[in-house]
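Indexing begins at 1, ligand by ligand and atom by atom, following the structure's order. Below, each value reflects all heavy atoms present in this structure, side chains not excepted, and no hydrogens, waters or symmetry copies.
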Amino acid sequence: MRQILGLITCCLFVFNTLSSQAPKNSSPADIFHSIEKLNFLGSALYIAAHPDDENTRLISFLSNNNKARTGYLSLTRGDGGQNLIGPELRELLGVLRTQELLAARRIDGGEQFFTRANDFGYSKQPSETLEIWNKEAILGDVVKAIRKFKPDVIINRFDHRTPGSTHGHHTSSAILSFEAFDLANDANAYPNQLKTTSTWQPKRLFFNTSWWFYGSEENFEKADKSQMLNMDVGVYYPMLGMSNNEIASIASSQHLCQGFGRLSSRGSENEYIELLKGDLPEDKNNIFDGIDTSWSRIKGGKAIGEILYGVQENFNFKNPTTHLPTLLKAYQLLQKTTDDHWKELKIEELTNIITSISGLYLETFTETPYANPGETADVQIQALSRSTVNVKIKSVFINSQDIAINDILLKNNELFKEKVILKIPTNTEFTSPYWLMEKGTLGTYTVNNSDLIGKPETPRAFITTLNLDFNGVIIPVTRAVVYKYAKPEKGEISQPFELIPEATASFADKVLIFADASSKRIPVIIKAHHDSISGTIELKYGPEWQVDKVSQPFFIAKKGDEKTIYFNLSPPSLENESTISPIIKLNGNEITKELVTIDYDHVPTQTVLLPSEAKVVRLNIQKAGDNIGYIMGAGDEVPTSLEQIGYNVQLIDPTTITTESLAKYDAVVLGIRAYNVVDELKFKQRFILDYAKNGGTVIVQYNTASRWGSQFENIAPYELEISRDRVTNENSDVEIIAKENSLVNFPNKINQDDFKGWVQERGLYFPNKWSSEFTPILSMHDKDEEITKGSLLIAPYGKGNYIYTGLSFFRELPVGVPGAYKLFSNMLSVGKDKVEVKENIKG
Ligand SMILES: [Zn+2]
């Protein structure tokens, strides 16, 4: 992957990530910076758990100040978090965050790696994390990352000695790194890996500490720092025109889906790292002190160093091309070294430098974003030399296909371009993130091709190799085949060229709730990725369900067009959960995947093929009341879910709230974190409480205490204190402690079965103190923790009711958890037990 993107060097100034697939242009200062990096043979690996855990200041400092090869191993891809910029969640969020990490590394100069660990959600203890992750497998992935990257030093973001003080994933990343530091050099550990790599002993292991880990700046000031190194990461790089912390801020601002866009910081700043293993360097400001990072560390390196240090010392900024003959000599010597690890890395760096100083522009692109296996695609090959250097194209290959361009002399500033036809073999794999090809477990992705484990993304399907002749020295230069086009409002854009099926099908809704026995008309959207396709579409469904037509024919004339086909699906009379999936039958092939495109300005467009399916749930649910008013908070899908079970839900504009305007609702629900994010509620809170007093039901879902405005010291009509209590194990036992309360009896009788099948967690930010008017309904706790009773609280207020709940309905309803629907329906129905109940069971 590194070869393809050619990102190791000279990309500090290319912040326009729209062209992250486009060729890089290098100024003499960039080239000089690359030569300094070429002449440093040392490496550092930073290890943590999630996208955004990484300290970009330190990564940038090691890469740009020390000039070291620097990597970030993020154990997970951050699938479990929230998305502030779009709809991607779970595995799709992991794809987006992977690309945000790659965008950050393009800026701070690092490289990116992963393990197969899945970010399954919050975990309090590393013991729980390592059980869910499959410790053996993930430890093996960390060992493999170390064996392949061969770092001299490793830095852990987190402390392996303090379980429970932070996310269990965090502590686990440090625990695994601590163990892998020794295992990487043990030939008996993970011996299969040694077929493709070799053992390696890093020299030093550090923990990237800071005052935060000591509770306060004063504590940290007093702490024993004899085992610590300290670096000023605020240094300014005159050659780059930027300071280290400015680069780091721009890099971490790539984490846009986590809301990390931030101001740049400037000026002197200290970073501390504490030695955990290995010898303490004498120079307490230099992590590489005492480690040979010169060309002498490799066999035959001394002669190469003599040449390349000379280039660095006498670099010609006015005309870097003059260094070409010397660099070619170094290239030839480098070819002869026997140290394969450094040889591969340094040849790639040197190749980039040679093409840069020759003013070479090389690009291969299509004019179509995608093609199907078995087709052909037009590929434009372009090459241009913008110097007096004699460069000849000897031959060109796309993968192993010789495309018959031979002995072309590139004359100064005369563009060579030729359109060639690329034959795409029928067995070419579709483009999709490799870790999502097979169904994984909750904690670990399944990756059948072990060569791919650790890689940030799936290698591009088509790589062009141009064999260039520089005065008799033949240097292969590689470029990925990309799709290049112009958008009138954005300019030139390069994005990955993708291989996708001829057609894909998807459901508009991923979860369908059948609250009674009536059938539903299910739309299936077929999208054509090829002209003139005709086939049939079938619906696969569970034995208890029924469909009017099993198979239907379709025809779509134009690539890119869609067609919607409907199936009438009837549910069984009893409660049931099942999945339905569309199968396209086309030219003897079955296509069962749907195509999802992730498209943002700050990362290259991603196409993801996922199993196409929807969950169907037949519920025996009863409800009272019809009209629900919903005040949206930070964003959730609860309103759509309530509509699925037959409620009429209206979104309320907070500015229009009055006591009268709310009177028409059977219940008023506040979306997650509404009091944290909707300022207007400061002024409207009294109307909301008055509505309850007059006989209404107010349901407040979780808010965090930390961003509590002083106006909300009493969001409830009585004393209620929000804590950080949460129950993160979605299977933890739940006890119903208020057995007679209407919340667990009307109109649906709630029992233990209703707490089965929950996802990710039980709930969060439960209150831990409340006045006597409140009745706690449920009791629950995580393993080895005290019980919490604040997950669901109800208090009568005037003629109505006030309910506060930290239960994660916002996660459970969208994935169709039956018990969560029944409990929510009961909350909405409170106080209506004396009124007539709507029977929803007609079948
Ligand atoms: Zn984290």
Side-chain angles (χ1 to χ4, degrees), residues 45-59 71-85 88-91 93-105 108 110 112-133 135 138 141-142 145 154-178 206-213 248-249 251-262 271 273 435 442-445 456 704 706 724 726 728 760-761 764-765:
L45 185 63
Y46 198 86
I47 298 181
H50 305 120
D52 88 350
D53 286 345
E54 84 275 25
N55 183 341
T56 52
R57 294 189 306 178
L58 203 47
I59 290 174
Y72 173 40
L73 174 62
S74 175
L75 266 53
T76 76
R77 295 172 187 268
D79 321 54
Q82 308 204 0
N83 183 355
L84 299 183
I85 57 171
E88 295 81 15
L89 284 174
R90 296 298 316 160
E91 60 267 65
L93 183 60
V95 175
L96 174 56
R97 290 191 171 178
T98 294
Q99 291 302 321
E100 291 190 336
L101 277 175
L102 287 168
R105 297 297 81 78
D108 61 30
Q112 186 61 49
F113 307 97
F114 294 94
T115 71
R116 285 170 290 172
N118 191 334
D119 175 6
F120 56 83
Y122 195 80
S123 156
K124 289 173 183 167
Q125 290 293 337
S127 51
E128 184 205 10
T129 301
L130 293 173
E131 216 176 286
I132 295 175
W133 270 356
K135 183 188 170 188
I138 305 307
D141 290 358
V142 179
I154 295 178
I155 305 167
N156 293 344
R157 164 80 280 187
F158 299 102
D159 194 341
H160 66 288
R161 298 159 295 196
T162 52
S165 62
T166 175
H167 198 318
H169 297 180
H170 291 163
T171 314
S172 298
S173 73
I175 291 172
L176 295 182
S177 167
F178 194 82
F206 295 93
F207 155 50
N208 186 189
T209 189
S210 74
W211 68 262
W212 189 86
F213 293 96
S249 305
S252 66
S253 288
Q254 301 306 305
H255 294 302
L256 291 182
C257 76
Q258 313 204 48
F260 265 48
R262 58 174 62 166
E271 260 322 314
I273 52 173
W435 61 96
L442 174 65
T444 316
Y445 295 117
T704 64
S706 53
R724 298 182 69 88
R726 60 202 292 172
T728 59
Q760 195 149 339
E761 63 193 353
L764 64 176
Y765 294 102

- Message: Holding to side-chain hydrogen bond (donor to acceptor under 3.5 Å, both in side chains), I want the full list of residues that pass it with Ser123, two or more places apart in sequence or in another chain.
- Response: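 Checked Ser123 against side-chain hydrogen bond (donor to acceptor under 3.5 Å, both in side chains); matches are Glu128, Thr129.
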
- List in chain and number order the residues that pass side-chain hydrogen bond (donor to acceptor under 3.5 Å, both in side chains) with Thr162, two or more places apart in sequence or in another chain; answer none if no residue qualifies.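 Once residues adjacent in sequence are excluded, the partners of Thr162 under the side-chain hydrogen bond (donor to acceptor under 3.5 Å, both in side chains) criterion are Ser165.
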
So which N/O/S atom does [X] have closest to the Zn ion (ligand 1)?
{"X": "His50", "result": "ND1"}
{"X": "Asp53", "result": "OD1"}
{"X": "His170", "result": "NE2"}

- Any donor-acceptor N or O pair under 3.5 Å, side chains Ser177, Asn156: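 Indeed, the side chains of Ser177 and Asn156 share at least one donor-acceptor pair under 3.5 Å.
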
- Message: Leu101 and side chain to side chain contact (heavy atoms under 4.5 Å, CB included): which single residue from Arg77, Gln254, Glu54 fits?
- Response: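 In the set Arg77, Gln254, Glu54, the residue that makes a side chain to side chain contact (heavy atoms under 4.5 Å, CB included) with Leu101 is Glu54.
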
